[in-house]
> 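Questions regarding the structure given below will be posed in turn.
In each ligand, atom 1 is the first atom listed, and ligand 1 is the first ligand listed. For the single chain, residues carry numbers from 1 onward in sequence order.
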Amino acid sequence: MACSYFLSTPTPSTPTRQPANPSTSLSWVASSIHGGLSSVAMAGSIRDARSVMTRLHLQGVRATLTIEPSKTSAKKSQYELQTLTGWLLKQEQSGVIDAELTIVLSSISLACKQIASLVQRAGISNLTGVQGATNVQGEDQKKLDVVSNEVFSSCLRSSGRTGIIASEEEDIPVAVEESYSGNYVVVFDPLDGSSNIDAAVSTGSIFGIYRPTEGCLANLDDDTSLDQQAQNCIMNVCQPGSNLLAAGYCMYSSSVIMVLSVGKGVHGFTLDPLYGEFVLTHSDIKIPSKGKIYSFNEGNYQLWDDKLKKYMDDLKDPGPSGKPYSARYIGSLVGDFHRTMLYGGIYGYPPDKKSKNGKLRLLYECAPMSFLAEQAGGKGSDGYRRVLDIHPEQVHQRVPLYIGSTEEVEKVEKYLA
Ligand code: FBP
């Protein structure tokens, strides 16, 4: 704590205040009765002050100590930047996260910076279009899906702090040989909103971090336990969202913004292209409790059940008193959810006659986003229960999602009840 202290004597003369040592941010006043004191004044710490006090007392000088914040060090430099790295260190220093998790989150921010530049240059570096392969869900993989997956996986591996990683683009979770300590379990969707990639419309990466459970790491040198190893990985990844330690997304849009929570609120960091650093721009985001914006793919309206159709009709025809809701749909969960976080409203991907459980994956999309929504005072539901309470049965399980302002999510739950 910055402070300064007074040495008051019976015949005070003009005190001189000088910062003893900016880095220890202590300054103090000395009254020069005997002239010699000024040399002592350069000392810095509280302990110094006390020893000076003792010496003065020994010289028969009556002195008292008053501590007050020093004005010099409190003044923030206009060039002071609160970067993500600095913010993570502060969380670590205050014991919110440990050193291992700091490193995992830093490696994720590096992956997002790399993916941001790949997405921005996709058209130039021939990274648009399909890869010519399909993922475990039978979807055509975009070139950038595959590249982003590689970037994300390699950043997590080289952090040496992840035990198991599970990607939306990979069939099964994998144990990380390079694991050094921490052994965190990281689930991620390397590039969400792939239908928007080639049109350079908002996309994003989503991640969630869990603590490893018992028997996390099978003995990698022991071939016979490969099935056991795979089972262990799947078991460790299939945790309910309520076990999440941290989650976040990085949106690639007109700005590149990383939004994350380590369980103490939600904070947003904008990538400053000048420094290549994520800088704190949205501290402690709170989702408005209600909002007149809905974000659904109404193209599926005819496939919805009647209760949901009634809900949607009422949103658009609120009657004489009300104002109709506005429709906003980017077709990228990260973009639509980011807007909902800031402006309020609701994003929904319901089940329909074609996709009985909707389209979104519980582990890589619904649970991390619901963790953020709740940390920001909002809600994430499958229409009947809290998404974070759903215990995954498979790693690529899909669930319906209604997420955003608490009152809006509770409204749709009432219609579906
Ligand atoms: P991907 O992870 O395959 O991109 O799918 C998720 C997603 O793209 C969401 O980001 C988006 O909200 C939704 O699917 C769009 O689906 P649809 O085109 O059916 O509306």
Side-chain angles (χ1 to χ4, degrees), residues 112 115 118-119 122 127-131 133-149 151-153 166-171 187-208 247-253 257 259 293-304 308 312 327-341 345-370 372-373 380-382 387 394-404 409:
C112 293
I115 295 171
L118 288 164
V119 165
L127 274 178
T128 52
V130 289
Q131 177 74 10
T134 58
N135 64 17
V136 65
Q137 290 111 47
E139 294 156 337
D140 290 335
Q141 284 184 310
K142 296 285 175 101
K143 287 182 187 166
L144 269 173
D145 279 331
V146 176
V147 174
S148 313
N149 187 46
V151 167
F152 226 99
S153 307
S167 164
E168 183 194 283
E169 296 301 330
E170 306 270 357
D171 301 4
V187 299
F188 59 96
D189 178 355
L191 198 58
D192 176 77
S194 33
S195 58
N196 285 333
I197 296 174
D198 296 354
V201 174
S202 309
T203 53
S205 302
I206 307 171
F207 63 90
Y249 59 80
C250 187
M251 180 176 71
Y252 311 116
S253 185
I257 302 182
V259 172
I293 299 175
Y294 70 90
S295 187
F296 288 66
N297 180 348
E298 286 189 77
N300 298 329
Y301 178 88
Q302 291 309 335
L303 302 171
W304 292 345
L308 191 63
M312 188 51 68
R328 294 282 182 280
Y329 193 69
I330 302 169
S332 149
L333 169 62
V334 170
D336 285 315
F337 179 64
H338 185 70
R339 185 201 54 250
T340 306
M341 287 267 272
I346 183 168
Y347 165 94
Y349 207 103
D352 58 43
K353 295 191 180 66
K354 203 170 38 112
S355 342
K356 294 264 170 297
N357 294 310
K359 177 181 182 180
L360 304 179
R361 290 81 181 180
L362 171 58
L363 271 175
Y364 315 105
E365 293 160 326
C366 304
M369 292 308 212
S370 298
L372 292 169
S381 161
D382 71 349
V387 163
Q394 300 116 31
V395 285
H396 293 288
Q397 177 179 344
R398 298 172 195 259
V399 293
L401 180 66
Y402 305 93
I403 194 167
V409 175

> Under 4.0 Å, counting heavy atoms only: does Ser194 come that close to any atom of ligand 1?
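Yes, that is the case, since the closest heavy atom of the residue is under 4.0 Å from the ligand.
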> Any side-chain heavy atom of Ser370 within less than 4.5 Å of one from Ile403?
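Yes - at least one pair of side-chain heavy atoms lies under 4.5 Å apart.
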> Taking the side chain as everything from C-beta on, heavy atoms only, tell me whether Tyr249 gets closer than 4.5 Å to Pro368.
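Side chain of Tyr249 against side chain of Pro368, heavy atoms only: no contact under 4.5 Å found.
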> Could you identify the single nearest non-hydrogen protein atom to atom 20 (O) of ligand 1 and state the distance to 0.1 Å?
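Protein heavy atom at minimum distance: Tyr329 OH, 2.6 Å.
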> Is there a side-chain contact between Glu365 and Leu401 (heavy atoms, below 4.5 Å)?
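Of all side-chain heavy-atom pairs linking Leu401 with Glu365, none is under 4.5 Å.
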> Give the atoms of ligand 1, by number and element, whose distance to some non-hydrogen atom of Asp189 is under 4.0 Å.
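Per the distance check, 2 (O).
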> Tell me yes or no: between the side chains of Ser167 and Asn149, is some donor less than 3.5 Å from an acceptor?
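Distance-only check passes for Ser167 and Asn149.
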> Is there a side-chain contact between Ser332 and Asp192, using heavy atoms and a 4.5 Å cut-off?
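A side-chain contact under 4.5 Å exists here.
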> For Val409 and Ser381, work out which heavy atoms get closest and say how close.
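Heavy atoms of Val409 and Ser381 come nearest at CG1-CB, 3.7 Å.
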> Output the list of atoms in ligand 1 that are nearer than 4.0 Å to some heavy atom of Asn297, sorted by atom number.
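Here the atoms of ligand 1 in question are 17 (P), 19 (O), 20 (O).
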> Give the residue, atom name and distance (to 0.1 Å) of the protein heavy atom nearest atom 11 (C) of ligand 1.
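Answer, as residue, atom name and distance: Gly331 O, 3.4 Å.
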> Below 4.0 Å from any atom of ligand 1, is there a heavy atom belonging to Asp192?
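Asp192: in contact with ligand 1 (<4.0 Å).
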> Classify the angle between the aromatic ring planes of Phe296 and Tyr402 as parallel (below 30°), tilted (30 to 60°) or perpendicular (above 60°).
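Tilted.
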> To the nearest 0.1 Å, how far is atom 19 (O) of ligand 1 from its closest protein heavy atom, and which atom is that?
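Atom 19 (O) of ligand 1 sits closest to the protein heavy atom Tyr349 OH, 2.6 Å.
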> Any side-chain heavy atom of Ile197 within less than 4.5 Å of one from Val119?
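No - every pair of side-chain heavy atoms lies 4.5 Å or more apart.
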> If you take the nearest heavy atom of each of Lys354, Lys359, Glu168, which one is closest to atom 18 (O) of ligand 1?
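The residue whose heavy atom sits nearest atom 18 (O) of ligand 1 is Lys359.
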> For atom 2 (O) of ligand 1, find the nearest protein heavy atom and state the residue, atom name and distance (0.1 Å precision).
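The closest heavy atom on the protein side is Glu365 OE2, 3.0 Å.
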> Report the nearest protein non-hydrogen atom to atom 12 (O) of ligand 1: residue, atom name, distance rounded to 0.1 Å.
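Answer for atom 12 (O) of ligand 1: Tyr347 OH, 2.8 Å.
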> Considering both backbone and side-chain atoms of Gly193, is one of its nitrogen or oxygen atoms within less than 3.5 Å of a nitrogen or oxygen in ligand 1?
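Yes; the residue has a nitrogen or oxygen that sits under 3.5 Å from a nitrogen or oxygen of the ligand.
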> If I apply the N/O under 3.5 Å rule, does Leu333 come out as touching ligand 1?
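Yes, since at least one N or O of Leu333 sits under 3.5 Å from an N or O of ligand 1.
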> Heavy atoms only: give me the nearest Ile330-Arg339 pair and the separation to one decimal.
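The answer is CD1-NH1, 3.9 Å.
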> Any heavy atom of Tyr364 sitting closer than 4.0 Å to ligand 1?
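So Tyr364 does not count as touching ligand 1.
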> Give the atoms of ligand 1, by number and element, whose distance to some non-hydrogen atom of Arg361 is under 4.0 Å.
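It comes down to these atoms of ligand 1: 1 (P), 2 (O), 3 (O), 5 (O).
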